[in-house]
Amino acid sequence: MENNLVIYNTLSRKKEAFVPLKSPFVGMYVCGPTVYGDAHLGHARPAITFDLVYRYLKHIGFKVRYVRNITDVGHLEADADEGEDKIAKKARLEQLEPMEVVQYYVNRYRENMKQLNVLPPSIEPHASGHIIEQIEMVKNIQDKGFAYETNGSLYFDVEKYNESHPYGILSGRKIEDLMANTRELEGQDEKKNPMDFALWKKAQPEHIMRWPSPWSDGFPGWHMECSAMGCKYLGEEFDIHGGGMDLMFPHHEAEIAQSQIANGKQAVKYWMHNNMVTLNGQKMGKSLGNAIDLEAAFTGNHKLMEQAYSPMTIRFFILQAQYRSTLDFSNEALQAAEKGLDRLLKATETIHNLKTGETSDFNIQELKDKCYAAMNDDFNSPITIANLFDGVRWINSVNDGKASLKREDIELLKTLYNDFVFDILGLKSEEVGSGNDGLVEGVMNTILELRKDAKLNKDWTAADKIRDELAKLNIVIKDTKDGATWEVKE
RNA sequence: GGUCUCGUGGCCGAGCGGUUAGGCAGAGGUCUGCAAAACCUUGUACAGCGGUUCGAAUCCGCUCGAGACCUCCA
């Protein structure tokens, strides 16, 4: 299998040749959602970014185990007075069992992902289902002398760690700066140093979600789950760890430190971080109050949405930017994406109707090579898409009879667009109609026949009336030289 | 305050030392009964000021502006 893939590694801040630890197997871990609310446009970015990575790695022949966790314990509320668990807080507010809240939002998250055509990961472990593994890992770190206990909570000793391993290698931070600049937060008095992080937290009486441990009844620290579950399912060392840039510090930095101590080695070979989605130039975030839920984007039911945008429009829009760049949402940009996507998908359909020619006016093999080259260059989907649009123009011009392609080139195009548009970019045509297609087909054919007769009689009034009335029902009629066609417009 | 990233034509967004990115919108044309779609033609942009270089959007410095992280966050 040929592999010319290059990945930008946050750890080195450089593009590096992708060489898996145990080719052809690839282990990939991506930080998943905290299920205490609906997924918004910001969540779509990592999901789609790493879906693209997953799809492409598989496409070029790797056997990928893709692990994306569900965080359902342990994230503390910064603004809550007692550092209350987000899930527990939500549960209390809504008078539900915590796991009921978790299940509800997991279901909705999965539904959203399905709409976006994001493939399910190989394993979707819940943090709450891996408390034992996390406790074992914490014990391990404690045994090695890198943890200290205060009031039943256990903290990681960053200063001690830094003596043997630089802390901050991923985010480029220096421990001296961290010492000087970490803000004062409540509950910090239990720590020796402000940048120390919790491995285990003792539960306060009001905490509903709690588990027994050697130290106290409580819950694992925020960063433990990813280290423990990554190790359990992908091994002490694995290839790719992904997540949003905002998780780089402290979350991923803490993961690196924990795993280093627990297993004596760097757990991750390639760190990948997707950039943020912005709205009017500002990061979209739940706590910032400017998040647009995916549901709202899909339905257009939001004050900032001029219209509904289909999941595929959102997906295509995200893929039109490189994953390491910020991406700014606006109605104008989304509408442009919608039209572009439509053009791409239509041309992909058109390939199947192309008539074979004697000669080829376009170099399809070269187009194919360019598409792979773009993807191999750190998953550059915007360039890939630009190349595909070059092909779109060719396809349409062959379809117009203004250029020609030989049979084998048309076959090559079919494979190329099938591979890239559907398999790799994960786009798909919106499904239209439901169940009674045969009936609709028949009715439409009759209507188009009537209109054809009207046109033959030069009864333009009747012909236009049919077209206009159907347009009101979102059915668009197009006259081509081979007769009229119709389609339902979203 | 510290660390870091970014500023590209009307909009989104690639490129990162020398060739058209691409999409959307706009303009003109071909086709069409009229449309729509499609095709052809059309834009010469890289925050500002210096510097390096034969040559800079691309490298360096400064200025201005925006953003991220430093605290849960995708």
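Hydrogens, waters and symmetry mates are skipped; everything else that's a heavy atom, side chains included, is used.
Of the side-chain N and O atoms in A/Arg343, one or more sit less than 4.0 angstrom from OP1 or OP2 of B/G23.
Scanning for side-chain contact (heavy atoms from CB on, under 4.5 Å) contacts around A/Glu124 gives A/Arg68, A/Ile70, A/Arg110, A/Pro121, with sequence neighbours left out. Considering only residues two or more places apart in sequence or on other chains, A/Phe316 meets the ring pair (Phe, Tyr, Trp, His ring centres under 6.0 Å) condition with none of them. A/Ser171 is linked by a side-chain contact (heavy atoms from CB on, under 4.5 Å) to A/Arg173, A/Met248, A/Phe249, A/Glu253, counting only residues two or more places apart in sequence or in another chain. Checked against side-chain contact (heavy atoms from CB on, under 4.5 Å), A/Leu11 has the following partners two or more places apart in sequence or in another chain: A/Asn9, A/Ile169, A/Leu170, A/Ile256, A/Gln266, A/Trp271. For the side-chain contact (heavy atoms from CB on, under 4.5 Å) test, residues two or more places apart in sequence or in another chain that qualify with A/Arg343 are A/Phe389, A/Val392, A/Asn396. Judged as a salt bridge (charged side-chain N to carboxylate O under 4.0 Å, His left out), and not counting sequence neighbours, the contacts of A/Glu469 are A/Lys472.
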Contact string for nucleotides 25-36 of chain B, one letter per nucleotide 5' to 3', B = base within protein heavy-atom range under 4.0 Å, S = sugar-phosphate only, - = neither, reads S-------BBBB

Below 3.5 Å is the cut-off: list the nitrogen or oxygen pairs between protein and nucleotides 42-47 of chain B, distance only.
none

Shorter than 3.5 Å, N or O on both sides, protein versus nucleotides 14-18 of chain B: list them out with atom names.
{"unit_1": "B/A14", "atom_1": "OP1", "unit_2": "A/Gln322", "atom_2": "N", "d": "2.6"}
{"unit_1": "B/A14", "atom_1": "OP1", "unit_2": "A/Ser325", "atom_2": "OG", "d": "3.0"}
{"unit_1": "B/G15", "atom_1": "OP1", "unit_2": "A/Asn380", "atom_2": "ND2", "d": "3.2"}

Could you pull out every donor-acceptor pair under 3.5 Å between side chains of residues 453-462 of chain A and any protein atom, sequence neighbours left out?
{"unit_1": "A/Lys455", "atom_1": "NZ", "unit_2": "A/Asp479", "atom_2": "OD1", "d": "3.3"}
{"unit_1": "A/Lys455", "atom_1": "NZ", "unit_2": "A/Asp479", "atom_2": "OD2", "d": "3.2"}
{"unit_1": "A/Asn457", "atom_1": "ND2", "unit_2": "A/Asp453", "atom_2": "O", "d": "3.2"}
{"unit_1": "A/Asp459", "atom_1": "OD1", "unit_2": "A/Ala462", "atom_2": "N", "d": "3.2"}

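The side chain of A/Asp400 has B/C39 as its nearest neighbour among B/C12, B/A74, B/C39. Closest approach to the A/Asp390 side chain among B/C11, B/G22, B/A74 is made by B/G22 (side chain taken as heavy atoms from C-beta onward).
Note: A/Phe50 and A/Tyr29 fail the aromatic proximity criterion, with ring centroids not under 6.0 Å apart.
Looking at RNA chain B, the stems built from 3 or more consecutive Watson-Crick or G-U wobble pairs, each pair with its key distances under 3.5 Å, are B:1-7 with B:64-70, B:10-12 with B:22-24, B:26-30 with B:38-42, B:47-51 with B:59-63.
Listed in residue order, the members of residues 362-372 of chain A having a heavy atom less than 4.0 Å from RNA chain B come to none.
Considering A/Leu294, A/Ile318, A/Asp51 as possible partners of A/Leu116, the one that fulfils the side chain to side chain contact (heavy atoms under 4.5 Å, CB included) test is A/Leu294.
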